[in-house]
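Letters A, B, ... mirror the listed sequences (proteins, then strands); counts begin at 1.
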2 protein chains.
Amino acid sequence: MRPELAASRVSDPGISARRSASWTIAHAAETGDEPPGSQSVQRTLVLLNLVGVLARDRPEGVSLAELTRVSERPKASVRRALIALMHAGYVEQDSKTARYRLGVQAAVLGELASHGADRLGEASTDSLIRLADAAGDTAFLTVRHGSYAVCARRQEGPGPIRNFALAVGDRHPLGIGAGSLAILSALPDEEVEQVIAATAAARQRYPRFDDETMRRLVRRSRKNGYALNDGLVIPGSWAIGVVVPDADDRPVAALSIASIAERLRGARRDELVELLQREAHNVHSALQALQAHRRKA
Amino acid sequence: MRPELAASRVSDPGISARRSASWTIAHAAETGDEPPGSQSVQRTLVLLNLVGVLARDRPEGVSLAELTRVSERPKASVRRALIALMHAGYVEQDSKTARYRLGVQAAVLGELASHGADRLGEASTDSLIRLADAAGDTAFLTVRHGSYAVCARRQEGPGPIRNFALAVGDRHPLGIGAGSLAILSALPDEEVEQVIAATAAARQRYPRFDDETMRRLVRRSRKNGYALNDGLVIPGSWAIGVVVPDADDRPVAALSIASIAERLRGARRDELVELLQREAHNVHSALQALQAHRRKA
DNA sequence: CTTGGTGGTCCATGATGTGGACCGATTGTC
DNA sequence: GACAATCGGTCCACATCATGGACCACCAAG
């Protein structure tokens, strides 16, 4: 934002800006922060996410008032952004209740995303269903985005216990949550430290995750070969997760199963871990196949 | 960015430039000219669509050069918008090829849209599959957005003929195409005329669709009870479509089947129309059920 | 070496987004 | 009924922000 005049006339070959993370979640985090690209757009996109997440279990939509409250922006600005989003079809407004919810383009974009680029969704669908069925609990696909992990998919299992600690669209710093931790643990030490530094501010909201705890969790996950969330985020809510490397073997996603402590112990845990690893391998293979196809195209 | 707002005492009627401009770019001409909401955001959202559509059958992504060309905007602006989109996770850039494609958030948004508000997607999945299977041709879900119709879903059938005239994300003025025409024909006369007026400019690109033709097509569709696209858009590409009313009986979507002339004649056409009407009814019922559930929530 | 194609960045300029104040409807409550 | 406290929505002076032409580095082909 500030015109850092100290412009580098000098050429700096090689490294292209290796910036990551910053992301202005609801609380307009203090994540150090780097060049946003374009401010008004940034804020509008955050708002779009917000509409999606807040309207998730509320089919009638979200009120303007609520959006202004949680986004912590002036009402006029929120309204203006919503108009733009509606005009483009990403958000629609109920003509009767005046509430806002995701629009046609949001669905279209999703369709394009799963058929197109991010084949992860397509590749993981079957795996998630198998996992949820076999485990009886809820299975998740988590995807990395910078120093954060986003829950991209959720599949309910037939079991009696439902875990609602994580839902589609939720975003936590890498390392918070089973899938998220599985991804973090698969990164090289150097990057792990970068992530820990980058998310320090954001982790204020997760009091039990200080820097040292993060490192301990990473060590444990590497030793075990899977990530365990033993209720540190929300007491009683447990989960296990394993990484899904992409075609270039970079850890970009994770599969996980969430439940309660009693259902993730001993032999059963071992079984589920094996299941997860098998499915992770399946997804990985699918991604590789796609990559190969992509090259010759 | 602290906006210190002081007193605004001075009143001086400074003429604010009333820029007309309806730059919504890229094929997708604008619906006449409404309040833009917010220009930079508008343009960025169009670009997001563009990335999705152009990368649709190109998993490796789209180049910056191509995006600047088709969007008809300065490269710097496109780049800036892309940075914002990447920053928010809606677009990602291949680290090797530097090409752009849809990112994680695009998929997440889709997930939220289909599970959340627009249950249309969810409600129509089975119907589309049944249609494509039974007909052997390609089945589509088209959704209305203002004076336009957007292809929201596409389901391939097992048949030998593939029709590629319509793909997810494509947008045409209401009345152009079978599903699109089905929606238009279900509107009251007054609205039909409004749409015809609003899309006059955009229809320049469809030379065979002058105002009078539009009215003729609407009349024919109403008489028949279904919309027929007999190759007026793309010679040889035929299709039939029927409306899907929402819970309040407003025509918001359409189901359609595309093929070639030979496969949409005589008795077969009647069969398919009946099939379509049955499935349209199914979807309609599903929407009503959801609406009921929504009310008591 | 030149030419034309990429991807990417810079920075003076003013068009553009900003947000506090304000309006009109609906609530709920004494 | 009056009142307060919401709600959704709009206005418009002000200055922050997006704008886009010019420019750089790189690569491949001629």
Donor-acceptor contact below 3.5 Å, side chain B:H284 vs main chain B:P245:
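Confirmed, B:H284 side chain pairs with B:P245 backbone.
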
Between [N] ([atom2]) and [X] ([atom1]): distance, integer Å:
X: A:E72; N: C:dG19; atom1: CD; atom2: C1'; value: 16 Å
X: A:L67; N: D:dG9; atom1: CG; atom2: C1'; value: 14 Å
X: A:Q42; N: C:dT18; atom1: CD; atom2: P; value: 12 Å
X: A:R73; N: C:dG20; atom1: CZ; atom2: C1'; value: 13 Å
X: A:L82; N: D:dT10; atom1: CG; atom2: C1'; value: 14 Å

D:dT19, C:dT18, D:dT10: which one has an atom nearest the side-chain heavy atoms of B:R43?
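Among D:dT19, C:dT18, D:dT10, the one nearest the side chain of B:R43 is D:dT19.
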
Test log, rule side chain to side chain contact (heavy atoms under 4.5 Å, CB included), inputs A:R73 and A:T68
CA-CA 6 Å; A:R73 314 237 65 232; A:T68 63; over 6 Å; no

The criterion is salt bridge (charged side-chain N to carboxylate O under 4.0 Å, His left out); which residues satisfy it with B:R69, sequence neighbours excluded?
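Salt bridge (charged side-chain N to carboxylate O under 4.0 Å, His left out) check on B:R69 returns nothing, list empty.
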
I'd like to check the side chain to side chain contact (heavy atoms under 4.5 Å, CB included) partners of A:A167; sequence neighbours left out, ordered by chain and number.
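If we apply the side chain to side chain contact (heavy atoms under 4.5 Å, CB included) test to A:A167, skipping adjacent residues, the hits are A:R56, A:D170.
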
Under 3.5 Å, N/O pairs linking protein and nucleotides 3-8 of chain D:
from  : atom 1 : to    : atom 2 : distance (Å)
D:dC7 : OP1    : A:R69 : NH2    : 3.0
D:dG8 : OP1    : A:L64 : N      : 3.0
D:dG8 : OP2    : A:A65 : N      : 2.8
D:dG8 : N7     : A:K75 : NZ     : 3.4
D:dG8 : O6     : A:K75 : NZ     : 3.4

Could you please spell out the steps behind the side chain to side chain contact (heavy atoms under 4.5 Å, CB included) verdict for B:Q105 and B:M86?
CA-CA 10 Å; B:Q105 285 301 325; B:M86 289 194 298; over 6 Å; no

Does a side-chain N or O of A:S40 approach OP1 or OP2 of C:dG17 to a distance below 4.0 Å, or not?
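For C:dG17, OP1/OP2 do not have a side-chain N/O of A:S40 under 4.0 Å.
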
Taking 4.0 Å as the cut-off, does a side-chain nitrogen or oxygen of B:R80 come that near to OP1 or OP2 on D:dT19?
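For B:R80, the contact criterion (side-chain N or O under 4.0 Å from OP1 or OP2 of D:dT19) is met.
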
If you look at every strand shown and take non-hydrogen atoms under 4.0 Å, does B:S77 touch a base, only sugar-phosphate, or nothing?
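Base contact.
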
Hey, what do you get for CD1 (A:I196) to CG (A:L184), rounding to the nearest 0.5 Å?
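The CG atom of A:L184 is 6.5 Å from CD1 of A:I196, to the nearest 0.5 Å.
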
